[in-house]
Engineer: 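For reference, the structure I am asking about is given below.
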Amino acid sequence: RALLVSGSGCPSHGLCRSNVQEQTRRQVAVLNATAQELFSLYLKCQGEPFSSESDKLCNPAGIFFPAFRVNRTSERKEVMVAMYKLFAFLNASLGNITRDQEELNPTAKELLERLHNTTKTTRGLISNLTCLLCKNYNIFQVDVRYGDSSKGKSTFKKKQQGCQVLRKYVQVIGQAARVLLPHLSPS
Amino acid sequence: MFSRWNWVACAFCLVLSICSPDALSGLVQSCGHIIPESPVLALGSNFTALCILNESCLDFGNIYASQIIWKIKNRLVPKEQYREINRTVSSVTFNDTSSLATPLTCNILADGQIEQNIYGITVTVGLAPEKPKNLSCIVHQESRFTYAMTCTWNPGRHTFLDTQFRLRYRWPEQIFPDCIPKDVNNSCTIDDSQFFVNTEIWVEATNALGKAVSDPLVVDPIDIVKPLPPQNVSVTSGLLPTVLQLVWENWISDAVMTLKFNIRYRIVGDTNWMEVPPEDTASPRTSFSIQGLRPYTEYVFSIRCMKEDGVGYWSDWSEEKTGITIEDQPSKGPPIWRIIDTSQSPACWTVHLIWKALKPYEANGVILQYELTVRDKSSLSSPVKKYNVTSTNYTLQLREGTYEVTLIARNSVGPSPPSVLLIPASNSKAPVKNLRTLPKHDKLWVGWTAPNNYVLKYVIEWCLMSSSSDCIIEWQIVLGDVQGIDLKGIKPFKCYLITVYPLYADGQGSGQSVKAYLKQDRPSKGPTVQTKKVGKAEAVLTWNHLTVEEQNGFIRNYTILYKTIDGNETVVTVDPSKTEYTLSSLTSDTLYTVRMMASTDNGSRTGPDFTFTTQKFGKGEIEAIVVPVCLAFLLIVLLGVLFCFNKRDLIKKHIWPIVPDPSKSNIAQWSPQVPAKHNISSKDQMYPEGSFTDVSVVEIEADDKKSFSEQDLKPFDLLKKEKSTSEGHSSGIGGSSCMSSPRQSVSDSDEGETTQNTSSTVQYSTVVLNGYRDQTPVQVFSRSESTQPLLDSEERSEDHAGGADSTPQRQQYFRQNGGQDETNTDRPCFERTKQITHANEGDLVGFVQLQISGQSSQPLGLGMEKNTQEAAVSNVLQTCTEGQTVRPETVEENPLSVDEMPKSYLPQTVRQGGYMPQ
């Protein structure tokens, strides 16, 4: 499935300012800074066996997660596209997780708050990446793959899927932050 | 007639058309309508409406567009604004919609008279929305992850229409739901703002007349954040007495936003905040050590934060937290001073040492005790005396001398530096110069010029002066380089006595004093004036000084205001040191009103009025009048006396005629037996030569009533009865008896029978009732007004007579013979001796006073009227007053013969102060 960057022109040129790169870096940094806390809190809120068997239950090997095969030496455009794919996936997955947790742990306010905040940040990050891709590289369309929907799955599966995504998210976001640093630092 | 019926038919048809089955099937069908329907019009624009009539109405009622009239409310629109487009359409045009009102109605005039409404519309007039201006936004942090963005704008003019405002925002590829203001039109809050994304924000205002959009605001919400203030602020004491550590938590992670801080602090009780230099807290942190604090002082801290780069807003100040620094040694010794009392003995002092407790920033802790050391400098052998005191004063008994007093304050950490006070024998050193004061708001500045010598310190004493209590001294010590201080706690309108002592290394200078007020007012009362002395043209006024409490300031002068009742007021200014003043040039015998006014720099107050009246005469004037008058009177008296002395004979003759003294009468030489046979008329035998002629003496044995015949005694009884019953008779006699006792009065006393009672008085008036010897008694009233007392010889005679009570008292009658020779005069004269000369006295030696009692004597029958008698006396005076011989008084109305005429030798009162001889 592909996420279409609407139209043939860059949207809202007035908003694609020079500070978008820094904003993007700060967004990644925020996600990186909060990812581990989010994951820990998620595990805590899911109860047993997730809190004690997280390594086993949350192993993301069996789930789809976008490949983030870029490094500091990668092209900037390539990094930007990879990040777009990553955060498009994460935004959708976090949306699903948030929806599931609102159903499964409606009283876990902090978790829900953090999930909302992270989701919102990824949404802003996508907006900024869209702006960068469009403005800097004239990229209007990027192929994006989303994960499996958790709808209709069991509670355990929902929890496990969320756990697996978040664990992978913690790993990838750190990498992304490191990769993005030289590319998005103020010149 | 036809026309009328025709119109009635038309109206009926019109009603039928309205109430046709079509109309009855729904609502009432109108005969026309207006276009546009309920328009919303811009204020000030032009507007045209059309009224279109239905064809059906034309058929039934002959109604045409020409009959249409337009109305606004109930006001007819001028026909100039109408236009008949065709026979069913009429238009009306308004050049300015501001003249429009609701409803606008289309009407017809049936038959030119009956007005029938066809249709009406509602017209709304307003304004299109203005472009919202001044759009600004702020992101309030509400919790760790929640940020609400509130945007405000200026909505512009009032549109008079329902206008919707909506806040819109978007990201580059995403538009969010609009934010609709609630209850306001100038702000809206977006609950979920996202950082690090450029967000375009704008405001749209929409109403029936249009839409207006504000200029967009593009902002990253992270740049307009007002974060929550740091939380969980705590203060901890460090190891140093001047350091406190502040610890807090931030609401925002550094990943989202790094912060800088402001830290402020103040001493508890102080209102002034101090602030940590901003550059010291410009980096992200969660703690800070505040240095340079005072030991053992409680501080209040507060902190705030904002985005590190300074873009955005400062948070509110955090809640205040207090912390106290640890103790340190006192930083200085307590200021010490002394009051030396030498009243008991000049050689033995009572020294009151007083010192001030250290201020908290000097004490640096809790002062546990004061260590006092006294060393006698005049005697090196004297031991040093030490005292531990917990109060701030100590009293010593010292001999006159020089002492060094050292005071140390000690807290839990250690002692203070010592304070040294030298108690000198005398204050002989140089004083300060030019001591002066100056009020400064609520403080009183005291300044002085330093003496030429080096001064270690100055002691400033001041006290509130009072007329009723002692001056309670307050004091302060300042360093020697200070030449002025502000005295605090000074009350306005109160007089303070301020004294400054310089303290030298080797002694103390004498004090210089000055009185001062922080603020002056007019006196609270005026002086009460009164007069000390009032003269003819001057008055000495006196008054008392106002008490220091009443003065309220320095009395600059007294003003005396005085005036008469109707005169102008005179004003005299008097030096304030005076308590007495003499008003001069006053008008004599005039009422003056005087009052007195005391003045300070800030006003005056007048005392009560006092009135006084100047004297009519000046000092010495009365003496100048009285003394000459007295002298003149004395002179006149003296002259009168001299005159009288020179004319004494004449005066004596007129005033004091010579009364013959019976005691000196020579009747005693006569034989007692003679009178019984004595011939009254033979005066030559009795007075051969001399002053007495025709004096007969009748001896009567008073007790020997038996010697009288019954006939002789009857008249006595009658007389008694008459005198007891007749007041008329006695009243005349009573006049003469006023000088003697009633008992001595013949007429008033029944006891007059006894010779003892009557012997002490010579009766000059006698009523003689019985006739002489055997003669028929004639009631005679004779009167004398003489008050001449009895002569001594008479008294003695009485004594003699009284001493011979055992023997019957003999009453002797003497008779003055009026018997001038009957041939010489036709009128009998009763003579009596008025004055007895020496020659006569010799002749009268043998006389024995004869007490003549009314009861025992008989009248001589001289019953003449008094006036007549007086007249007769007057005549006698003319004829019988030659020499010292008393002429007999003439009785004209009883020209009795010598034998028959009763003879009386009683003295008679004459009219002009004399006893005329009868």
Side-chain angles (χ1 to χ4, degrees), chain A residues 3-7 9-38 41 84 88 91 109-135 140 173 177 184, chain B residues 135 137 139-149 168-177 190-202 213-225 227-228 249-259 284 286 307-312:
Chain A
L3 177 66
L4 185 68
V5 178
S6 62
C10 291
S12 303
H13 271 290
L15 299 179
C16 290
R17 297 179 177 180
S18 60
N19 64 342
V20 174
Q21 289 187 21
E22 173 61 15
Q23 289 174 330
T24 305
R25 189 190 65 82
R26 295 289 300 272
Q27 287 170 322
V28 173
V30 168
L31 293 175
N32 182 39
T34 57
Q36 182 59 51
E37 289 181 1
L38 176 64
L41 184 60
Y84 187 90
N91 183 257
K109 297 293 182 184
E110 186 178 354
L111 174 62
L112 294 175
E113 199 173 45
R114 282 181 177 271
L115 286 171
H116 274 297
N117 209 41
T118 303
T119 307
K120 196 171 59 179
T121 302
T122 56
R123 194 164 64 236
L125 185 54
I126 293 169
S127 177
N128 282 341
L129 290 172
T130 304
C131 179
L132 288 173
L133 290 171
C134 178
K135 183 179 177 183
F140 307 114
I173 195 65
L184 298 179
Chain B
L135 174 64
C137 298
V139 175
H140 292 279
Q141 185 183 13
E142 295 180 338
S143 68
R144 183 173 295 276
F145 303 109
T146 306
Y147 298 87
M149 183 168 64
R168 310 191 69 183
Y169 64 106
R170 68 176 183 180
W171 287 348
E173 196 55 31
Q174 186 174 1
I175 293 181
F176 296 95
I190 300 167
D191 292 331
D192 190 13
S193 63
Q194 180 59 48
F195 294 152
F196 308 121
V197 183
N198 290 330
T199 306
E200 184 179 14
I201 306 167
W202 70 97
V213 180
S214 70
D215 292 334
L217 172 67
V218 178
V219 65
D220 182 351
I222 196 70
D223 291 335
I224 54 173
V225 170
L228 287 172
E249 295 177 7
N250 294 319
W251 286 95
I252 302 177
S253 73
D254 290 343
V256 176
M257 186 170 68
T258 54
L259 300 171
T286 55
K307 194 158 164 274
E308 184 182 9
D309 57 7
V311 178

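Being a predicted model, the structure only gives us computed values, none of them experimental. The chains referred to below are lettered A, B, ... by the order of the sequence lines, with proteins before strands, and numbering in each begins at 1.
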Engineer: Looking at side-chain heavy atoms only, is the closest gap between A/Arg26 and B/Phe195 below 4.5 Å?
Structural biologist: no
Engineer: Output the option from A/Asn117, A/Thr34, A/Val20 having the highest count of non-hydrogen pairs under 4.5 Å with chain B.
Structural biologist: A/Asn117
Engineer: Given heavy-atom pairs under 4.5 angstrom as the criterion, report whether the side chain, backbone, both or neither of A/Thr121 touches chain B.
Structural biologist: both
Engineer: Treating A/Thr122 as the side-chain partner and A/Thr119 as the backbone partner, does any N or O pair qualify as donor plus acceptor under 3.5 Å?
Structural biologist: yes
Engineer: So, does B/Lys307 use its side chain to make a donor-acceptor pair with the main chain of B/Gly312 at under 3.5 Å?
Structural biologist: no
Engineer: Let me know if B/Ser143 has heavy atoms under 4.5 Å from chain A in its side chain, its backbone, both or neither.
Structural biologist: side chain
Engineer: Mind checking the CZ-CG spacing from B/Phe196 to A/Asn19? Nearest 0.5 Å is all I need.
Structural biologist: 11.0 Å
